[in-house]
Each structure stands twice: as structure tokens, then as C-alpha cells.
Q: 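Just passing along the structure, written as C-alpha cells.
Keep in mind the model is a prediction, meaning the values are calculated, not measured.
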Amino acid sequence: MMDEIFDRNYQSGREALNRGIDRGLQTFVARIRRSFETLNRIQWNAPWKEQTHPRRRTKRAGTA
């Protein structure tokens, strides 16, 4: 009887530990992903970068 109670408590404790680890990893990964998305947005939407249209051609020296 005592072994069954111990086992039941042990299993529920392990389940709670695993849920906590999973939740912690998910939170950590989500924050890292959000950080990279922010850095990507800063890099590609930089206000100091010259905005050019991809189809617009600039005149080069020596061309008509």
C-alpha cells in the first residue's frame, strides 16, 4: 500500500516536472524567436537605408 502511494506521488511529481520543463523551453524558444524577428525587422526596415524600387534602374555612366 505504501509503495503504491509513493509510486502515485512520484509519477505525479515527474509529470509536473516534465510539464514545467516543457513550458520553460517553449517560453525560452519563443523569446529567442521574437528577438531574432525584431533584429530582422530592424535590419531590413532600417530608416537610414536608401529605399529604392526593385524595378527602377539607375543611369550608369556610359549608357544611353
Side-chain angles (χ1 to χ4, degrees):
M1 183 70 171
M2 290 299 288
D3 289 339
E4 292 173 5
I5 294 171
F6 173 79
D7 188 53
R8 202 176 306 140
N9 289 334
Y10 178 79
Q11 293 299 330
S12 67
R14 287 291 293 196
E15 185 178 338
L17 176 66
N18 289 338
R19 276 195 312 256
I21 291 172
D22 287 344
R23 192 177 319 118
L25 284 174
Q26 287 174 354
T27 303
F28 178 72
V29 169
R31 288 181 181 177
I32 294 293
R33 181 176 36 87
R34 196 174 329 135
S35 298
F36 279 121
E37 288 171 354
T38 301
L39 290 173
N40 191 3
R41 188 171 48 249
I42 290 169
Q43 175 67 29
W44 294 106
N45 294 331
W48 56 86
K49 183 180 173 188
E50 180 182 333
Q51 300 292 324
T52 59
H53 193 276
R55 293 185 183 178
R56 187 183 307 158
R57 294 184 55 127
T58 58
K59 291 187 177 182
R60 297 180 188 160
T63 59

Q: Using the rule given for side-chain contact (heavy atoms from CB on, under 4.5 Å), can you reason through Arg19 versus Arg23, listing the C-alpha separation, both sets of side-chain angles and the distance that settles it, and then say yes or no?
A: CA-CA 6 Å; Arg19 276 195 312 256; Arg23 192 177 319 118; 4.3 Å; yes

Q: I need the Arg14 CZ to Ile21 CD1 distance, nearest 0.5 Å.
A: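 Rounded to the nearest 0.5 Å, the CZ-CD1 separation comes out at 7.5 Å.
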
Q: Salt bridge or not for Glu37 and Arg41, using N-O below 4.0 Å?
A: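 Not counted as a salt bridge, because no side-chain N and carboxylate O are separated by less than 4.0 Å.
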
Q: To the nearest 0.5 angstrom, please state how far the CZ atom of Phe6 sits from the CG atom of Asn9.
A: 8.5 Å

Q: Which value, rounded to the nearest 0.5 Å, describes the distance between Ile32 atom CD1 and Thr27 atom OG1?
A: 11.5 Å

Q: Applying the 4.5 Å side-chain criterion to the ILVMFWY set and letting contacts propagate, would Leu17 and Leu25 be lumped into a single cluster?
A: yes

